[in-house]
Amino acid sequence: MKEQKVRTRFAPSPTGYLHIGGLRTALYGYLFAKKHGGDFILRIEDTDLQRYVEGSVEIIYDTLKDAGILYDEGPDVGGDFGPYVQSERRDIYHKYAQELIRRGGAYYCFCDKERIESLRDENGNCRYDKHCLHLSEKEIEEKLKSGVPYVIRQNIPETGTGSYHDLVYGDISVDFKDMEDGILIKSDGMPTYNFANVVDDHLMGITHVIRGSEYLSSTPKYNLMYDAFGWERPVYIHLPPIMKDERHKLSKRNGDASYADFVEKGFVKEAIVNYIALLGWSPKENAEKMTLAEMVEKFSLDGISKSPSIFDETKMRWLSGEYIKEMSDEEFVSRGLEFFKKSKVYGKYDLNKLAALLKTRVETFGEIPEKVDFLEEFGPYDPALFTHKKMKTDLEVAKKVLPAARELLASLPSFDFQTLHDELMALVARLGMKNGQVLWCVRVAISGRESTPGGVMELAEILGKEETLRRMDFSIGMIGAK
RNA sequence: GGCCCCUUGGUCAAGCGGUUAAGACACCACCCUUUCACGGUGGUAUCAUGGGUUCGAGUCCCGUAGGGGUCACCA
């Protein structure tokens with residue numbers, strides 16, 4: 001057997017945003033090709049002009065590039081097997097349709113909608129009866145000449161079984177009697193997916209077809225065509241679906257979040273790609289957080305599962321947080337800048353300083369505004385916040401701590417972290433209290449929040465002396481301490 | 001409904017005839033700590049079900065149930 005260079009493809013139709021499932025299919029195609037030193041190709045399947053959505057081709061290009069899934073050939077990057085857009089390949093499909101007819105694998109059909117409808121059975125299903133297969137050459141000639149609308153159908157044997165081996169699902173067999181003579185060329189002259197994918201995959205030298213499991217049972221039909229043409233069948237790798245819950249597939253039709261939506265929500269891109277790689281595939285030795293290069297290295301088909309997996313945003317959020325934690329402050333600021341801009345603190349504080357505090361407290365950039373807005377927003381809050389069992393503190397403790405702390409803070413010549421730290425700790429000692437009692441109370445007093453990015457010292461330093469004292473006064477007044 | 005496929009904790013999952021049935025997320029507890037976080041340690045929780053085969057079954061076979069897919073001039 002001669003060594004053949006692996007070629008895989010991702011073939012989306014331009015009908016809107018690239019959803020999570022599609023992205024994973026692309027990712028696996030990319031990983032598999034790269035793992036074997038092969039090429040990954042992008043092909044646009046736009047044979048259905050009804051469903052075409054303006055701008056979605058660009059979204060596909062941008063999303064794949066943004067996610068780091070780079071293709072070696074495609075409409076915008078070129079290649080030796082173009083064009084890579086199906087609507088530009090009409091003539092090719094027609095030429096091969098003619099050849100398939102000559103080889104007995106397909107035939108003209110002139111039946112109109114009414115006749116097809118009349119074939120409906122009691123369940124409402126209709127199945128073409130091969131009526132036009134038996135037209136004479138002369139009849140076909142005449143109808144063609146007089147311009148009767150037609151389609152070209154696949155000629156499927158009435159008996160027998162179509163079998164193939166899928167690298168994920170194993171051996172699959174479907175009886176020909178359960179398949180219909182599907183349409184290959186529509187009356188508008190465009191091919192259907194059923195025909196175009198076979199012709200293109202062969203012409204483009206695709207060695208491994210990687211796609212969703214919804215094609216599992218129609219694949220024997222495609223094999224019939226490969227066989228009729230005398231072409232070598234590709235290796236099939238079908239992928240289990242990604243579900244939204246145990247019953248429903250994740251889909252854009254339901255308005256489920258797409259890759260772009262998650263980026264917009266502030267998830268770290270690498271985390272999104274990393275997470276979807278793990279949905280339906282588990283690498284050996286348990287790796288979880290991986291770079292694309294590591295995924296390529298570890299990718300292996302026997303780690304792909306057959307059963308559907310449910311998309312868990314919580315776990316993806318955790319992964320995103322892991323990526324954030326290892327960023328430098330500068331990287332955090334630049335990658336999360338858009339979200340800092342949405343917050344009330346933008347332009348008023350040192351973002352690098354905030355970044356240092358935020359990194360361990362945030363899992364997506366989207367949480368930035370809610371975490372920092374209190375720096376600019378301060379007002380009445382629930383005094384119950386002063387009560388915390390573990391810290392052994394309550395309102396009474398606060399009434400004692402706050403005035404003393406206020407006096408101390410007002411007397412400080414410098415408001416840097418170190419001074420704040422030393423002085424506050426000294427105060428703890430003087431009051432004969434526990435660290436938590438003083439620190440918890442003061443932190444609540446100057447933030448009005450139960451949870452904040454950073455402790456009292458960091459917050460006081462960021463807020464500055466004037467604002468800190470103003471907030472202390474407010475809190476002291478609010479709880480009636482003096 | 002016919003056909004194809006799937007079924008290990010709440011979720012992602014390892015396991016490929018003999019294991020105390022990994023690991024991760026989530027959850028809970030505790031520890032650490034300059035409060036919130038981070039980090040650390042530990043814990044709760046899974047083989048859908050009934051039959052076989054076998055000395056032995058989560059692992060193999062058959063049935064049942066549940067779920068998904070497909071049956072378009074959509075991909």
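Chain naming here is simple, since letters A, B, ... match the order of the sequence lines and numbering starts at 1 in each. Not measured: the values here are computed from a predicted model.
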Engineer: Once Watson-Crick and G-U wobble pairs under 3.5 Å are found, how is RNA chain B written in dot-bracket notation, 5' to 3', with | for any base paired to another strand?
Structural biologist: ((((((((.[[[..)..(....]]].(((((.......)))))....[[[[[..)....]]]]])))))))....
Engineer: Measure from the side chain of A:E363, starting at C-beta and using heavy atoms only, and say which of B:A75, B:G68, B:A26 lies closest.
Structural biologist: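 Per side-chain heavy atoms of A:E363, the pick is B:A26.
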Engineer: Within the structure shown, what part of the strands sits under 4.0 Å from A:I183 by heavy-atom distance: base, sugar-phosphate, or nothing?
Structural biologist: base
Engineer: Among the candidates B:U11, B:G2, B:A75, find the nucleotide nearest to the side-chain atoms of A:D312.
Structural biologist: B:U11
Engineer: Rounded off to whole Å, could you give me the OH-to-C1' distance for the A:Y323 and B:A24 pair?
Structural biologist: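 In whole Å, B:A24 C1' and A:Y323 OH are 14 Å from each other.
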Engineer: How are the rings of A:F378 and A:Y381 set relative to one another: parallel (under 30°), tilted (30 to 60°) or perpendicular (over 60°)?
Structural biologist: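 Ring orientation of A:F378 relative to A:Y381: tilted.
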Engineer: Select one nucleotide: of B:C25, B:C4, B:C74, the one nearest the side-chain heavy atoms of A:I172.
Structural biologist: B:C4
Engineer: When the distance from CD1 of A:I60 to P of B:A75 is rounded to whole Å, what number comes out?
Structural biologist: 14 Å
Engineer: Base, sugar-phosphate, or nothing: which does A:Y215 touch, judged by heavy atoms less than 4.0 Å apart?
Structural biologist: base
Engineer: Would you find more than 12 non-hydrogen atoms of other residues, nucleotides or ligands less than 6.0 Å from A:K400 atom NZ?
Structural biologist: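 Incorrect, the count does not exceed 12.
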Engineer: May I ask you to establish whether A:K289 and A:Y323 are in a cation-pi arrangement, using a distance under 6.0 Å from NZ or CZ to the six-membered ring centre and at most 45° from the ring axis?
Structural biologist: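 Because its charged atom sits under 6.0 Å from the ring centre and within 45° of the axis, A:K289 does stack over A:Y323.
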Engineer: Please tell me which of the listed nucleotides, B:C73, B:G68, B:A75, lies nearest to the side chain of A:V151?
Structural biologist: B:C73
Engineer: Using the C1' atom as the point on both nucleotides, what is the distance between B:A24 and B:U8, in whole Å?
Structural biologist: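 Per the computed distance, 15 Å lies between those C1' atoms.
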Engineer: If a pair satisfies salt bridge (Lys or Arg N to Asp or Glu O under 4.0 Å) and one of its residues is in residues 188-201 of chain A, list it, with sequence neighbours excluded.
Structural biologist: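 Those involving residues 188-201 of chain A are A:R9-A:D201, A:R43-A:D200, A:R43-A:D201, A:R89-A:D200.
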Engineer: Describe the nucleic acid contact of A:S218 in one word from base, sugar-phosphate, nothing, applying a heavy-atom distance below 4.0 Å.
Structural biologist: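 Touches nothing.
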Engineer: Once you apply a heavy-atom cut-off of 4.0 Å, does A:G182 come out as touching a base, just sugar-phosphate, or nothing?
Structural biologist: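 Answer is nothing: A:G182 stays at 4.0 Å or more from every strand.
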Engineer: Taking the P atom of each, how far is B:A65 from B:A22, in whole Å?
Structural biologist: 33 Å
Engineer: Sticking with atom C1', work out how far B:U59 lies from B:A13, rounded to a whole angstrom.
Structural biologist: 16 Å
Engineer: For B:G69, does either OP1 or OP2 sit under 4.0 Å from a side-chain N or O belonging to A:S213?
Structural biologist: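 For B:G69, neither OP1 nor OP2 has a side-chain N or O of A:S213 closer than 4.0 Å.
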Engineer: What integer number of Å spans the C1' atoms of B:C74 and B:U70?
Structural biologist: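 It comes out at 13 Å once rounded to the nearest Å.
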Engineer: Expressed in angstrom and rounded to an integer, what is the separation of A:E246 atom CD from B:A48 atom P?
Structural biologist: 14 Å
Engineer: Just compare B:A26, B:A75, B:G67 and give me whichever is closest to any side-chain atom of A:W318.
Structural biologist: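 Selected nucleotide: B:A26.
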Engineer: Confirm from the modelled atom types if A:S187 and B:C73 form a donor-acceptor pair under 3.5 Å, side chain to base only.
Structural biologist: yes
Engineer: Respond yes when some side-chain nitrogen or oxygen of A:S309 is under 4.0 Å from OP1 or OP2 of B:A13, and no when none is.
Structural biologist: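 Looking at the OP1 and OP2 atoms of B:A13, one of them is under 4.0 Å from a side-chain N or O of A:S309.
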Engineer: Pick the P atom in B:G39 and in B:C47, then give their distance to the nearest Å.
Structural biologist: 31 Å
Engineer: Output the rounded distance in Å from CD1 (A:I242) to C1' (B:U11).
Structural biologist: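 Going from A:I242 (CD1) to B:U11 (C1'), I get 14 Å.
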Engineer: If I take atom CG in residue A:D302 and atom C1' in nucleotide B:G15, what distance separates them, rounded to the nearest angstrom?
Structural biologist: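 It is 13 Å, rounded to the nearest whole Å.
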Engineer: Which is true for A:S305 with a 4.0 Å heavy-atom rule: it touches a base, it touches only sugar-phosphate, or it touches nothing?
Structural biologist: sugar-phosphate
Engineer: Quick one: which of B:C71, B:A75, B:C4 gets closest to the side chain of A:T47?
Structural biologist: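 The listed nucleotide nearest to A:T47's side chain is B:A75.
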Engineer: OP1 or OP2 of B:A75 versus the side-chain N and O atoms of A:K186: is any pair under 4.0 Å?
Structural biologist: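 It does, given that an N or O in the side chain of A:K186 lies less than 4.0 Å from OP1 or OP2 of B:A75.
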Engineer: Which whole number of Å gives the distance between the P atom of B:U44 and that of B:C55?
Structural biologist: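 My reading of the P atoms in B:U44 and B:C55 gives 36 Å.
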Engineer: With the side chain of A:I310 defined as its heavy atoms from C-beta on, choose the nearest nucleotide among B:A13, B:U11, B:C71.
Structural biologist: B:U11
Engineer: Using the C1' atom as the reference point in each nucleotide, state the distance between B:C28 and B:A45 in Å, no decimals.
Structural biologist: 12 Å
Engineer: Scan nucleotides 33-43 of chain B against the protein and return all N/O pairs shorter than 3.5 Å with their distances rounded to 0.1 Å.
Structural biologist:
from	atom 1	to	atom 2	distance (Å)
B:U35	O2	A:R443	NE	2.3
B:U35	N3	A:V456	N	2.9
B:U35	O4	A:G455	N	2.9
B:U35	O4	A:V456	N	3.1
B:U35	O4	A:E458	OE1	3.4
B:C36	O4'	A:R443	NH2	3.3
B:C36	O2'	A:S451	OG	3.1
B:C36	O2	A:R361	NH1	2.4
B:C36	O2	A:T452	O	2.5
B:C36	N3	A:R361	NH1	2.1
B:A37	O2'	A:T360	O	2.7

Engineer: Answer with yes or no after comparing the ring centroid distance for A:W281 and A:F299 against a 6.0 Å cut-off, counting only values under it.
Structural biologist: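 Distance test on ring centres: under 6.0 Å, yes.
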Engineer: Is the ring centre of A:Y275 less than 6.0 Å from the ring centre of A:F267?
Structural biologist: no
Engineer: Can the ring centroids of A:Y222 and A:F195 be said to lie less than 6.0 angstrom from one another?
Structural biologist: no
Engineer: Please report the distance, rounded to the nearest Å, between CG in A:L216 and P in B:A75.
Structural biologist: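 Taking atom P of B:A75 as the reference, CG of A:L216 is at 20 Å.
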Engineer: Have a look at A:R317 and say if it touches a base, only the backbone sugar-phosphate, or nothing, with a 4.0 Å heavy-atom cut-off.
Structural biologist: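 No contact.
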Engineer: Side chains of A:S328 and A:E331: do they bring a donor and an acceptor to under 3.5 Å?
Structural biologist: no
Engineer: A:E214 has an atom CD; how far is it from atom C1' of B:C74, in whole Å?
Structural biologist: 11 Å
Engineer: Taking the side chain of A:P241 as heavy atoms from C-beta outward, which of B:G23, B:G2, B:G68 is closest to it?
Structural biologist: B:G68
Engineer: Given B:G23, B:A26, B:C74, identify the nucleotide with an atom nearest to the side chain of A:E288.
Structural biologist: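 Nearest nucleotide to the side chain: B:G23.
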Engineer: Does any N or O donor sit under 3.5 Å from an N or O acceptor when you compare the side chain of A:N286 with the base of B:A22?
Structural biologist: yes
Engineer: What contact category does A:S447 fall into here, base, sugar-phosphate, or nothing, at under 4.0 angstrom with non-hydrogen atoms?
Structural biologist: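 Result for A:S447 = nothing.
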Engineer: Side chain of A:K315 only, please: which of B:C5, B:A24, B:A26 is the nearest?
Structural biologist: B:A24
Engineer: Any side-chain to backbone donor/acceptor pair from A:N197 onto A:Y193? Under 3.5 Å, distance only.
Structural biologist: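 Pair found, side chain donor or acceptor close to backbone of A:Y193.
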Engineer: Could you tell me if the ring centre of A:F365 sits under 6.0 Å from that of A:F262?
Structural biologist: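 Centroid separation for A:F365 and A:F262: 6.0 Å or greater.
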Engineer: On a whole-Å scale, what distance lies between the C1' atoms belonging to B:G67 and B:U54?
Structural biologist: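 The same atom, C1', in both gives a distance of 31 Å.
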Engineer: Please check: side-chain N/O of A:E423 versus main-chain N/O of A:L420, any donor-acceptor pairing under 3.5 Å?
Structural biologist: no
Engineer: Write down the distance between CG (A:L49) and P (B:C74), rounded to a whole number of angstrom.
Structural biologist: 9 Å
Engineer: For the backbone of A:I156 and the side chain of A:K130, can you confirm whether one donor and one acceptor N or O come within less than 3.5 Å of each other?
Structural biologist: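 At least one qualifying donor-acceptor pair exists.
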Engineer: So which one's nearest nucleotide on RNA chain B is more toward 5', A:D171 or A:M243?
Structural biologist: A:D171
Engineer: Between A:Y71 and A:F10, is the gap from one ring center to the other below 6.0 Å?
Structural biologist: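 No.
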